[in-house]
Amino acid sequence: HSFLYISVRTRYLCIEILKHIIMPYPEQLCAPMRKELTSIGFTELKDAAQVDATIPNSKGTLLLVMNSVCGCAAGAARPGVKLAIQNSEIKPDHLTTVFAGQDIEAVAQARKYTLPYPPSSPCIALFKDGQLVHFVERHHIEGHSAEMIAENLTAAFEEHCTTVNS
C-alpha cells in the first residue's frame, strides 16, 4: 500500500510541476509552419487578449486553425486548409491561427471557445458570429489526406459561410 501511495503522490507532484514548466518550441522551428498559413491570409493570434478580442466578437464566419509541429499538421491539416481556402467557392470572412506548443497562452484561451471538444492539436474550428459551428479534431486529421480535410472544410464553408472566394 505504501508503494501505491508514493507512486500516486509522485505522479500528482510531477503533473503539478509540469503545469508550471512549459517550454515552447523555438521560433526558428515554427516560423516556416506559421508562414504556410499567414502566406494565404491567416492572422496569428499570439496571446489570450487577442483571442478574446477576436473569437467572441467576430461578425460573420471565422476559421481558427490550431497549428502544430506534428506530422499530421504538416501532411494533412495545413495543406487541407490551404486547398479549402484556395479552391472553395465560398470561404470564411476571417482566417486566424494559434500555434500549439508555442503560443501557449493563446492556445489555452482558444481552447475555451472550442469546448466541449477536448484539447487537441492540430484542430480546425469554424465560428459563426462568435459561436462554434464546426470542429475538426486531431483524430479526424490523422490518417486522412489533405484532400479529405479540404472536402470536410468546403462542406462546412458551404453550410455556414456566405463570402464568395476572390
Side-chain angles (χ1 to χ4, degrees), residues 22-48 50-52 54-56 58 60-128 130-166:
I22 299 174
M23 296 185 61
Y25 292 114
E27 177 58 29
Q28 309 89 292
L29 175 70
C30 301
M33 299 171 211
R34 289 178 181 280
K35 190 173 181 183
E36 285 183 60
L37 295 177
T38 59
S39 68
I40 59 168
F42 278 78
T43 300
E44 292 183 296
L45 306 177
K46 303 279 243 163
D47 59 41
Q50 288 179 323
V51 170
D52 284 340
T54 304
I55 294 174
S58 62
T61 52
L62 177 142
L63 187 68
L64 171 70
V65 176
M66 286 195 203
N67 204 348
S68 173
V69 299
C70 75
C72 62
R78 290 190 301 270
V81 166
K82 187 174 182 176
L83 281 171
I85 295 299
Q86 292 176 337
N87 298 332
S88 182
E89 193 171 309
I90 298 172
K91 68 176 186 175
D93 300 307
H94 311 281
L95 305 173
T96 60
T97 182
V98 294
F99 205 107
Q102 192 170 55
D103 303 333
I104 308 296
E105 183 185 322
V107 170
Q109 197 64 21
R111 285 181 170 151
K112 292 178 182 178
Y113 294 103
T114 61
L115 291 172
Y117 295 97
S120 69
S121 58
C123 62
I124 306 161
L126 182 64
F127 297 87
K128 186 168 190 173
Q131 299 299 310
L132 183 65
V133 294
H134 186 76
F135 194 69
V136 182
E137 296 179 80
R138 179 187 174 108
H139 70 88
H140 293 127
I141 296 169
E142 287 178 305
H144 295 89
S145 68
E147 292 77 16
M148 291 173 79
I149 304 302
E151 286 176 23
N152 177 304
L153 293 174
T154 299
F157 297 168
E158 289 172 359
E159 181 178 349
H160 300 288
C161 303
T162 56
T163 301
V164 177
N165 200 355
S166 52

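Remark: the Gln131 side chain and the Lys128 side chain contain no N/O donor-acceptor pair separated by less than 3.5 Å. Between the side chains of Asn67 and Arg78, at least one donor N or O lies within less than 3.5 Å of an accepting N or O.
Looking only at side-chain heavy atoms (C-beta outward), Leu62 and Leu126 stay at 4.5 Å or farther from each other. You'll find the side chain of Arg138 reaches within 4.5 Å of the side chain of Pro122, heavy atoms only. Side-chain contact between Ile124 and Ile149 is present, with heavy atoms from C-beta onward closer than 4.5 Å. In this structure the side chain of Phe99 never reaches within 4.5 angstrom of the side chain of Val107, judged on heavy atoms. Taking 4.5 Å as the limit, every side-chain heavy atom of Cys123 sits out of range of all side-chain heavy atoms of Tyr117. Within the 4.5 Å cutoff, the side chain of Gln50 has no heavy atoms near those of the Glu44 side chain. Annotation: side chain of Leu64 is in contact with side chain of Val98 (closest heavy-atom distance under 4.5 Å). Considering only heavy atoms from C-beta on, His134 comes within 4.5 Å of Val136 through its side chain.
Other residues, nucleotides and ligands contribute more than 12 heavy atoms inside 6.0 Å of the NZ atom of Lys46.
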With side-chain contact (heavy atoms from CB on, under 4.5 Å) as the test, would you mind laying out the steps for Arg111 and Ser120 before giving the verdict? CA-CA 9 Å; Arg111 285 181 170 151; Ser120 69; 5.9 Å; no
Given side-chain contact (heavy atoms from CB on, under 4.5 Å), test Asp52 with Tyr113 step by step and report yes or no. CA-CA 9 Å; Asp52 284 340; Tyr113 294 103; 2.6 Å; yes
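Side chain of Ser145 to main chain of Met148: a donor-acceptor pair is present (N/O by atom type, distance under 3.5 Å, no hydrogens or angles). No donor-acceptor distance shorter than 3.5 angstrom exists from the side chain of Glu105 to the backbone of Asp47, with no hydrogens or angles considered. At distances below 3.5 Å, not a single donor-acceptor pair connects side-chain atoms of Ser88 with backbone N or O atoms of Ile85. The closest donor-acceptor contact from the side chain of His144 to the backbone of His140 lies under 3.5 Å. In terms of modelled atom types and a separation under 3.5 Å, the side chain of Thr61 and the main chain of Phe127 share no donor-acceptor contact. Not a single donor-acceptor pair under 3.5 Å links the side chain of Thr54 to the backbone N or O of Val51.
Between atom CD of residue Gln86 and atom NZ of residue Lys91 there is a gap of 10.0 Å, rounded to the nearest 0.5 Å. Distance check, rounded to the nearest 0.5 Å: CG of Asn152 to CD of Glu147 gives 13.5 Å. If you take CG on Leu153 and CG on Asn87, they are separated by 12.0 Å, rounding to the nearest 0.5 Å. Separation of atoms CD1 (Ile40) and OG1 (Thr97) is listed at 9.5 Å; rounding is to 0.5 Å.
Looking at every heavy atom in both residues, Ala146 comes nearest to Gly75 through CB-O, 4.2 Å. Of all the heavy atoms in Asp93 and Gly60, the pair that sits closest is OD2-CA, 3.2 Å.
A salt bridge links Arg34 to Asp103: one of the charged nitrogens lies within less than 4.0 Å of a carboxylate oxygen.
Among Val65, Leu63, Leu45, the one residue that satisfies the side chain to side chain contact (heavy atoms under 4.5 Å, CB included) test with Thr96 is Leu45.
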